[in-house]
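Sharing a structure here in structure tokens format.
Basis for what follows: all heavy atoms, side chains included, without hydrogens, waters or symmetry-related copies. Because the structure is a prediction, the values reported are computed rather than measured. Just so it is clear: chains get the letters A, B, ... in the order the sequence lines come, proteins before strands, and each one is counted from 1.
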Amino acid sequence: MLASTLLQPENDPPEGGDVLLEMHKETRSGASSDLSDNSSIQATQTSVDEYVQLQLRIYRTALLVSVFAVLLTGVFCGLHFSISLLVGAISGLLYLRLLARSVGRLGETTKSVGKAQLVVPVLLVLAASKLPQLDLIPSLLGFLLYKPSLILQLLLES
Amino acid sequence: MDSITTAASVVAAGLAVGLGAIGPGIGQGSAAQGAVEGIARQPEAEGKIRGTLLLSFAFMESLTIYGLVVALVLLFANPFAG
């Protein structure tokens, strides 16, 4: 029996060889799928890092624009106007942060974008109408100071 | 503030928020749908898709905010109250 298996021609391998060959093929395909999974996970992670970097760029630009505008209005329009603009700018940054968090959660935990960020302008207008230290128009202008950074990012990306 | 001005302000505030939120609502819904489909098809482009979605949402939602601000001004800091 041993001799018969040894004398078997190479192009007609024993049945066990087929099983081994299949197992080898499966192992190789499993290894390659593991490799492709790892590379796709790495690509996804790089992409998520890109999103975080974009957020940081927007915050930084918005902060720079806000500081510049507050200093400029402090010099030319007075402290009262400047403080209202500062409060508006801070609430604009907070709004942008909450919006980015809602967008970050989309598709992972929720299927729709949250509306929590809309509380920020509501509270800002209520505070500006109730508190004598704040003016309505400068607060709203300050709130909209995040827009230039968004437009800048769009221009940089296109 | 007389009663007609009050009533008109309240109606206008409701219309400002309600009508102002229709367009951005539809736009945000379709944008979110497209983004989720895109992420499911191409997970490696997730960051780019989310970044574009963030920028477009910020622009779309500002329209809602304008309506909201007009409504709140009419309700709490009405210039016609004099």
Exercise for the section: Consider only side-chain heavy atoms of I, L, V, M, F, W and Y, link residues closer than 4.5 Å, and tell whether A/Ile90 and A/Ile58 are in one cluster. Expected result: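 No; A/Ile58 is not reachable from A/Ile90 via cluster members.
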Practice task
Using a 4.5 Å cut-off on heavy atoms from C-beta on, say whether the side chain of B/Ser62 contacts that of A/Phe143.
Solution key: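 Sidechains of B/Ser62 and A/Phe143: no contact.
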Problem - Structural part of B/Gln28 lying under 4.5 Å from a heavy atom of chain A - result: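 It is the side chain, since no backbone atom gets that close.
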Exercise for the section: Side chain from CB out, backbone as N, CA, C, O: work out which of these in B/Leu54 comes under 4.5 Å of a heavy atom of chain A, or both, or neither. Expected result: both
Practice task
Kindly work out whether a path of hydrophobic side-chain contacts (I/L/V/M/F/W/Y, heavy atoms less than 4.5 Å apart) joins A/Leu86 to A/Val65.
Solution key: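 Yes, it is one cluster - the side chains of A/Leu86 and A/Val65 are joined through contacts under 4.5 Å.
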Practice task
Taking atom CG of A/Leu56 as the centre, report whether more than 12 heavy atoms of other residues, nucleotides or ligands fall under 6.0 Å from it.
Solution key: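 It does: A/Leu56 CG has more than 12 such atoms within range.
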Handout entry: Flag side-chain contact, heavy atom, 4.5 Å: B/Lys48 against A/Leu54
Key =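 Answer no - side chains too far apart.
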Exercise for the section: Under 4.5 Å, counting heavy-atom pairs only, tell me which of A/Gly104, A/Ala128, A/Ala100 racks up the most with chain B. Expected result: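 Of A/Gly104, A/Ala128, A/Ala100, A/Gly104 has the most heavy-atom pairs under 4.5 Å with chain B.
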Practice task
Spell out, yes or no, whether A/Leu140 and A/Leu72 are grouped together once hydrophobic residues are joined by side-chain heavy atoms under 4.5 Å, including indirect joins.
Solution key: no
Exercise for the section: Indicate yes or no for a side-chain donor-acceptor contact from B/Arg50 to the backbone of A/Leu106 under 3.5 Å, with no hydrogens or angles considered. Expected result: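 Yes; judged by distance alone, with no hydrogens or angles, the pair exists.
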Exercise for the section: State, yes or no, whether a side-chain contact exists between A/Tyr51 and B/Ile49 at a heavy-atom distance under 4.5 Å. Expected result: no
Exercise for the section: Kindly compute the distance separating CG (B/Leu55) from CG (A/Leu150), expressed to the nearest 0.5 Å. Expected result: 6.0 Å
Problem - Co-membership, hydrophobic cluster, residues A/Val87 and B/Leu68, 4.5 Å side-chain - result: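 Yes, A/Val87 and B/Leu68 fall within the same hydrophobic cluster.
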Completion exercise
Honestly, the part of B/Ala45 sitting under 4.5 Å from a heavy atom of chain A is backbone
Practice task
Consider only side-chain heavy atoms of I, L, V, M, F, W and Y, link residues closer than 4.5 Å, and tell whether A/Tyr146 and A/Leu123 are in one cluster.
Solution key: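 Per the 4.5 Å side-chain linkage, A/Tyr146 and A/Leu123 are not co-clustered.
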Problem - Pick from B/Ile39, B/Leu72, B/Val69, B/Val36 with the largest number of heavy-atom pairs that fall under 4.5 Å of chain A - result: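 Sorted descending by pairs with chain A, the first entry is B/Leu72.
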Problem - Atom group of A/Leu126 that falls short of 4.5 Å from chain B, counting heavy atoms - result: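 When you check distances to chain B, only side chain atoms of A/Leu126 fall under 4.5 Å.
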Exercise for the section: Decide yes or no for B/Phe76 and A/Leu136: does some side-chain heavy atom of the first lie under 4.5 Å from some side-chain heavy atom of the second? Expected result: no
Practice task
Could you check which of A/Lys130, A/Gln153, A/Gln117, A/Gln55 has the highest count of heavy-atom pairs closer than 4.5 Å to chain B?
Solution key: A/Gln117
Exercise for the section: With rounding to the nearest 0.5 Å, note down the distance linking CG in A/Leu96 to CZ in B/Phe57. Expected result: 13.5 Å
Practice task
Select one option (side chain, backbone, both, neither) describing which atoms of A/Val52 are under 4.5 Å from chain B's heavy atoms.
Solution key: neither
